Student: 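There's a structure below that I have some questions on.
Whatever order the structure lists them in is the order used to number ligands and atoms, beginning at 1. Since the model is a prediction, treat every value here as computed from it, not as a measurement. Count residues from 1 along the sequence.
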Amino acid sequence: MTSNNSETANLWTPDSWRSKPLKQEVQYADQEKFKASISKLARLPPLVSPTEIEALKHQLKEAGKGNAFLLQGGDCAELFDYCSQEPIENKLKVLIQMSLVLLWGARVPVIRVARMAGQYAKPRSSPIEKIDGQEYPSFRGDNVNGFELDQREPDPERLVQAYFHSAATLNYVRSIINSGFADLNKPHEWDLSHVRCGAVREEYQQVVNQLSNTLDFMKTIKVIGGGNSSSQSLRSVDMFMSHESLMLDYESSLTRCLVDPNTGEKKWYNTSGHFLWVGDRTRQLDCAHIEYLSGIANPLGIKVGPTTDAGDLILLLEKLNPKREEGRITLITRFGFELIEKCLSTYIKAVQESGHPVVWVCDPMHGNTEMSSAGVKTRHFANIMGEVGRAFRIHSVCGSKLNGVHFELTGDSVTECVGGSMELEHHQLNDNYQTYCDPRLNYEQSLDMAFLIAKYYQR
Ligand code: PEP
Ligand code: MN
């Protein structure tokens, strides 16, 4: 059996992170209950397989070469409550619709990765939250504690609940995707009535019409060709699952030594999701999260923000991808509309000089959060789109290419971000503000984003 990192092959185990400094640690009062939860998790079957994980890595390799585009999106904090038919269907619907628009615009395959079926744990800037002058432990995500004030004590049983909610979500995703759900989302049935400006609505409608015609044409060819399996491929789509690798007790309990179907080699896989990323607060080189991630074979994301040192980033790449495997590392930059202009090129140049193969993705959400006059966290659609536009341009100027985007979004008509073609205003934020963490693009704003990115490609 090999760990991913040959230099540390003899030292790395799924638990070797325990000897390193751990950020965002959760303290459980009841250690017996904690141990029981961990040993239960260790016995439960994998949620995803090496075949699927390696397939995603292969697709990401193509993205890194500019032959595919990554669309990653979902909630900031997934709740156990979202494990229900409608929220799951709505999220898949928006991701599939966005991916079709992007496919039309970019003319390359779109890789869909949902922040879903495990995106339960949240890093917090402070472990304490003050409400009406009283201090409470912060809400750290459904797999740690509850949002209700009387449920803020970490409960290890929630780790096991996280597994079962992930399993139920994944099961429903697989079942509807294999039952023609993608085909049911016919572009000519999309509702564009939210677009306030007539000219913009007309422009979107033209894209949708062209998309519908293309899909109909493809179906006709497939029918004439009699290819059963290929016409099937229009009905079903790939959908991969991802989450932040934050709760290492959970992640390491679901880490299994399994055969890589491509090489026949045994490797350590995290079987709780296809793709894992390390957050901006936990990516220190010598700390526990990077130690854990260095030994698993899954494709990994690294959040890169204005506080990342470019030299440290190269050391991280060396540690997480010493064999320089293509598709292994996705760099998810999150600078904000203002800072991307002065930051991004430095990192692109450092990575180019290092020769490391990476997939470049723009997360235009996390550098653009602000407090609204309504007293809630929000983000401006214009800043989000602006950061994506700048990412495309800066990559191009540097002789690089943006390979994907990463959004916080939901398939529901929430009111959390302002702007977009529905021109949502600050005073409307309280109409349907649902998020328990960061503000997400709603269904309409998400579709807008896809249309605008597609348009970017038409220039
Ligand atoms: C997130 O993706 O929800 C998040 C916390 O991002 P970051 O680590 O980049 O702040
Ligand atoms: Mn977030």
Student: For Trp190 and Phe451, take the angle between the two ring planes, folded into 0 to 90°, and tell me which bin it lands in: parallel under 30, tilted 30 to 60, perpendicular over 60.
Tutor: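 Ring orientation, 0 to 90° scale: perpendicular.
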Student: With heavy-atom distances below 4.0 Å as the criterion, list the atoms of ligand 1 near Gly279.
Tutor: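 Counting from 1, the qualifying ligand atoms are 8 (O).
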Student: With a 4.0 Å cut-off on heavy atoms, is Glu408 in contact with ligand 1?
Tutor: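 For ligand 1, residue contact (heavy atoms, under 4.0 Å) with Glu408 is present.
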Student: Check the orientation of His274 and Phe240. Use parallel for under 30°, tilted for 30 to 60°, and perpendicular for over 60°.
Tutor: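 Perpendicular: the ring planes of His274 and Phe240 meet at over 60°.
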Student: Check if Arg115 has a non-hydrogen atom at a distance under 4.0 Å from any atom of ligand 1.
Tutor: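 Judged by the 4.0 Å heavy-atom criterion, Arg115 does count as contacting ligand 1.
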Student: Using a strict 4.0 Å cut-off to heavy atoms of Asp280, name the atoms of ligand 1 that fall inside it.
Tutor: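 Close to Asp280: 7 (P), 8 (O), 9 (O), 10 (O).
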Student: Find all atoms of ligand 1 within a distance of less than 4.0 Å from any non-hydrogen atom belonging to Arg281, and give their numbers and elements.
Tutor: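 Listed by number with element, the hits are 10 (O).
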Student: Between Lys57 (side chain only) and Ala297 (backbone N and O only), is there a donor and an acceptor less than 3.5 Å apart?
Tutor: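 Checking the backbone N and O of Ala297 against the side chain of Lys57, a donor-acceptor pair under 3.5 Å is found.
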Student: Looking just at side-chain N and O atoms, do Tyr172 and Glu89 make a donor-acceptor pair shorter than 3.5 Å?
Tutor: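 Yes.
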Student: Within the stated cut-off of 2.8 Å, is an N/O/S atom of Cys76 closer than that to the Mn ion (ligand 2)?
Tutor: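 Yes, since at least one N, O or S atom of Cys76 sits under 2.8 Å from the Mn ion (ligand 2).
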Student: Mark up the atoms of ligand 1 that fall under 4.0 Å of a heavy atom belonging to Cys76, in ascending order.
Tutor: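 With Cys76 as reference, the close atoms of ligand 1 come out as 3 (O).
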Student: Just going by heavy-atom distances, which of Arg334, His406, Lys303 is nearest to atom 10 (O) of ligand 1?
Tutor: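 The residue whose heavy atom sits nearest atom 10 (O) of ligand 1 is Arg334.
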Student: Please work out which of the three classes, parallel, tilted or perpendicular, describes the rings of Tyr436 and Phe147, given edges at 30° and 60°.
Tutor: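 Ring orientation of Phe147 relative to Tyr436: perpendicular.
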Student: Going by atom types only, do Gln284 and Asp286 share a side-chain donor-acceptor pair under 3.5 Å?
Tutor: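 No, Asp286 and Gln284 have no side-chain donor paired with an acceptor closer than 3.5 Å.
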